[in-house]
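In what follows, a single structure is set out as structure tokens and then discussed.
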There are 2 protein chains.
Amino acid sequence: MPTMNEIARLAEVSLGTVSNVLNNSAKVREPLRRRVMDAVAALGYEPSELARGLRRDKTNMIGMIIPDITNPFFPAVVRGAEDAAFGSGYRLVLCNADNNQSKEIAYMTQLRTYLPTGILVIPSNFSEMTMQLGSSKRSGPVIVCLDRMPRHWKGDTVTVANEEGAVQATQHLIDLGHKHIATITGPLHLSGAHARLMGFRRALKQAAIQVPMEYVQESSFDRAGGYSAALGLLQMQPRPTAIFAQNDMIAMGVAMAIRELGLLCPRDVSLVGFDGLDVTELMDPPLASVMQPGYQLGAMGIQLLLERVKEPDRLFRHHVLPTTLRLGASIGPPPPVRPAKKTRSSAATKSKK
Amino acid sequence: MPTMNEIARLAEVSLGTVSNVLNNSAKVREPLRRRVMDAVAALGYEPSELARGLRRDKTNMIGMIIPDITNPFFPAVVRGAEDAAFGSGYRLVLCNADNNQSKEIAYMTQLRTYLPTGILVIPSNFSEMTMQLGSSKRSGPVIVCLDRMPRHWKGDTVTVANEEGAVQATQHLIDLGHKHIATITGPLHLSGAHARLMGFRRALKQAAIQVPMEYVQESSFDRAGGYSAALGLLQMQPRPTAIFAQNDMIAMGVAMAIRELGLLCPRDVSLVGFDGLDVTELMDPPLASVMQPGYQLGAMGIQLLLERVKEPDRLFRHHVLPTTLRLGASIGPPPPVRPAKKTRSSAATKSKK
DNA sequence: AAAGTTTCTTGAAACGTTTCAAATCGGAAC
DNA sequence: GTTCCGATTTGAAACGTTTCAAGAAACTTT
């Protein structure tokens with residue numbers, strides 16, 4: 001790889017002049033500028049970001065840390081971020097923490113040593129991360145949190161209207177006549193999962209519907225978690241007539257469980273998810289889901305980040321993006337009479353309505 | 001951020017000694033080593049990868065360039081690569097080229113200026129990329145191609161058995177009695193897409209089945225492409241009784257088109273995909289698909305890459321990973337008599353059974 | 001034409017590491 | 001108590017940039 005020195009020699013100018021041409025940092029007269037540009041072209045010179053970053057104390061990269069690249073929601077966010085960053089001349093480098101706390105910390109630490117302009121993080125754990133992030137007081141890379149908000153985090157954030165989304169979904173089920181509504185949450189230490197549960201509770205409370213404790217199951221945000229939580233729920237007495245899965249991966253697991261138990265959706269149990277992934281539209285039946293604007297989430301994250309780079313002292317902002325309920329054949333009215341498996345009494349009381 | 005100099009001062013040793021301790025590059029007697037380690041811990045020192053990389057002409061990052069992060073196949077590959085790289089002490093940084101040639105080149109060029117140990121690339125375009133890669137003759141980062149093989153590319157590669165996989169899928173359709181089999185390919189300048197088409201052709205030729213030219217549709221590797229290609233195919237006369245979609249995103253598009261035209265899968269038309277994505281198992285009906293070992297693809301890529309770092313002069317290797325056909329309800333026997341839309345005569349023949 | 005301005009250009013320092021020749025140390029042999 | 005030798009430790013150079021004080025050139029003014 002050619003260096004600036006070789007350019008300087010070939011163009012017969014000084015090193016400083018080459019730098020000035022390359023960065024427009026000072027006026028350079030046409031003939032010299034020309035010679036430099038020619039030399040650059042002739043040698044195919046590309047500046048070393050390493051050296052440049054070392055000297056300027058900052059590189060043109062923006063780091064992004066996501067919890068799980070195999071959950072299609074995150075790639076959507078990444079794409080939004082990538083487009084926005086690339087458009088502004090920054091290169092997005094992505095790190096997949098794989099839901100692993102130590103990997104997340106390792107990436108956070110490593111990324112820093114590359115002096116990126118900023119870091120966009122979808123945090124997957126709380127306490128540790130907060131400490132790390134805490135040290136972003138005055139200098140170092142700008143950090144923006146996406147999708148989830150660590151407790152005590154003071155900084156820019158973009159999230160979606162989790163609580164409202166959950167209310168929409170739950171309310172819709174209530175409107176259809178469901179009285180036995182269960183939910184499978186994500187890990188409740190995550191702000192989003194917590195908010196969705198709050199929304200679920202709020203909607204039911206407002207409709208004066210009781211929720212048995214065991215109708216709220218905490219799970220990881222993946223298919224396996226949803227599957228096993230659903231197996232449990234679907235064998236309870238009385239069986240819930242609707243399940244609100246707090247993300248689409250969980251909903252997929254629920255769908256598997258439903259199928260496996262020989263039940264039919266939505267005849268026996270309605271199902272609504274959260275994310276609105278493309279792929280869940282093609283499920284059997286098409287999944288109703290609360291749509292999150294993943295692409296915008298990422299794009300907005302980069303926007304906040306770059307604005308803060310420009311004005312480090314502006315007030316912290318917290319953008320909340322709206323969600324919308326996508327209807328789908330996976331929800332319908334509750335079964336007119338709920339079949340009981342064991343208890344005769346429950347079958348009797350049930351028909352009182 | 002503390003620097004090595006501050007460590008040296010605090011530990012009351014020279015800069016060189018700190019470096020020796022940190023890299024075990026020379027024996028350092030216990031008392032000194034101790035002092036250095038203490039200082040490192042006290043200051044929370046992290047070496048600057050920028051400075052280190054500049055000096056050593058190589059950093060601990062491995063770059064990875066993928067064509068489309070929203071196609072779930074690629075995240076699976078990334079995860080495999082990430083696990084393998086992380087386990088060996090390297091940090092994987094991912095760049096999403098977004099099916100965009102200029103982005104791909106920009107990332108390739110930029111990545112290089114960070115002096116990564118290696119680059120893992122799933123190339124999405126041919127000529128340009130080959131030129132870029134070509135310059136990796138003797139020095140610079142090790143480059144390994146994944147999944148697709150640029151023409152004239154001399155270097156390590158990992159791909160899957162595309163042709164064999166396509167044969168498996170096609171053969172299965174033939175065995176079920178299909179005679180009118182169409183395919184929707186990916187962009188044929190990609191080696192994988194090309195190979196799959198070859199496999200498709202080979203299986204049919206062997207069974208002495210003719211393929212009308214219009215039964216082979218080229219498309220992009222995404223849902224939209226599959227959808228519009230399928231709309232065309234499904235309105236041809238005679239209508240194919242089976243479609244081999246050359247990846248699962250295309251298959252999803254086909255499924256949408258089938259549904260939209262009021263047809264039923266597999267009653268009217270069988271569908272088989274390629275990728276074996278998790279999510280397509282839950283489709284309506286569950287998609288039969290040729291499974292590719294995405295995770296292993298990524299992991300093997302890193303393995304080859306690191307082996308070449310160790311022994312730059314070994315012979316180039318080309319690993320081919322096996323594919324397996326995943327059965328699913330989306331394929332069945334052809335309709336006994338194929339319904340025609342316009343011609344009366346064919347409507348008459350239909351009732352003969 | 002000399003002095004004064006303004007505009008360009010240059011050279012050297014600095015960023016935080018690694019590396020390596022040279023200096024120092026601690027003993028063993030004399 | 002010297003002299004030597006191998007084992008440690010040190011100091012300075014180098015990696016490829018940017019930055020900035022200072023020098024050189026090109027114009028203006030007188």
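Naming convention: chains lettered A, B, ... in sequence-line order (proteins, then strands); numbering from 1 in each chain. The structure displayed is predicted, hence computed values, not measured ones.
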Touch check for A:Asn20, heavy atoms < 4.0 angstrom, all strands: base, sugar-phosphate only, or nothing? base
Assess the pair A:Phe86 and B:Tyr107: is the distance between their ring centroids shorter than 6.0 Å? yes
Report yes if a side-chain nitrogen or oxygen of B:Tyr45 is closer than 4.0 Å to either non-bridging phosphate oxygen (OP1 or OP2) of C:dT17; otherwise report no. yes
For A:Ser48, answer base if it contacts any base atom (sugar-phosphate contacts may also be present), sugar-phosphate if it contacts only those atoms, and nothing otherwise; contact means non-hydrogen atoms under 4.0 Å. sugar-phosphate
If you check every side-chain atom of B:Arg56, which of D:dT17, D:dT10, C:dT19 has the closest atom? C:dT19
Applying side-chain hydrogen bond (donor to acceptor under 3.5 Å, both in side chains) to B:Arg33 and B:Asn24, what does each step give before you reach the verdict? CA-CA 10 Å; B:Arg33 152 173 250 95; B:Asn24 294 318; 3.0 Å; yes
Calculate the interatomic distance between A:Arg35 atom CZ and C:dC8 atom C1'; express it in whole Å. 13 Å
First encountered from the 5' end of DNA chain D, between A:Ser25 and B:Thr17: B:Thr17
Exceeds 12 heavy-atom contacts within 6.0 angstrom, atom CZ of A:Arg317: yes
Looking at every strand, decide which applies to A:Leu50 at a 4.0 Å heavy-atom threshold: base, sugar-phosphate, or nothing. nothing
Rounded off to whole Å, could you give me the CG-to-C1' distance for the B:Leu15 and D:dA14 pair? 13 Å
Minimum side-chain heavy-atom gap A:Met64-A:Val77 below 4.5 Å: yes
Nearest-Å distance for atom pair CZ/C1', residues A:Arg29 and D:dA25: 7 Å
Sugar-phosphate only, base, or nothing, as touched by A:Thr3 at under 4.0 Å among non-hydrogen atoms: sugar-phosphate
Check whether the side chain of B:Arg55 and the base of C:dT18 form a donor-acceptor pair under 3.5 Å. yes
Atom-pair distance (CG on A:Asn5; P on D:dC15), nearest Å: 9 Å
Over how many whole Å does the gap from B:Asn60 atom CG to C:dT18 atom P extend? 12 Å
Specify the separation, in whole Å, of atom CD of B:Glu12 and atom P of D:dT8. 21 Å
Hey, does the side-chain of B:Arg52 have a donor or acceptor N/O within less than 3.5 Å of a partner on the base of C:dT17? no
Pick one: which of B:Ile302, B:Leu305, B:Thr117 meets side-chain contact (heavy atoms from CB on, under 4.5 Å) with B:Tyr90? B:Thr117
Any side-chain N or O of B:Ser14 less than 4.0 Å from the OP1 or OP2 oxygen of D:dG11? no
Atom-pair distance (CD on A:Glu46; P on D:dT17), nearest Å: 10 Å
Whole angstrom is fine here: how far is it from NZ in B:Lys27 over to P in C:dC20? 18 Å
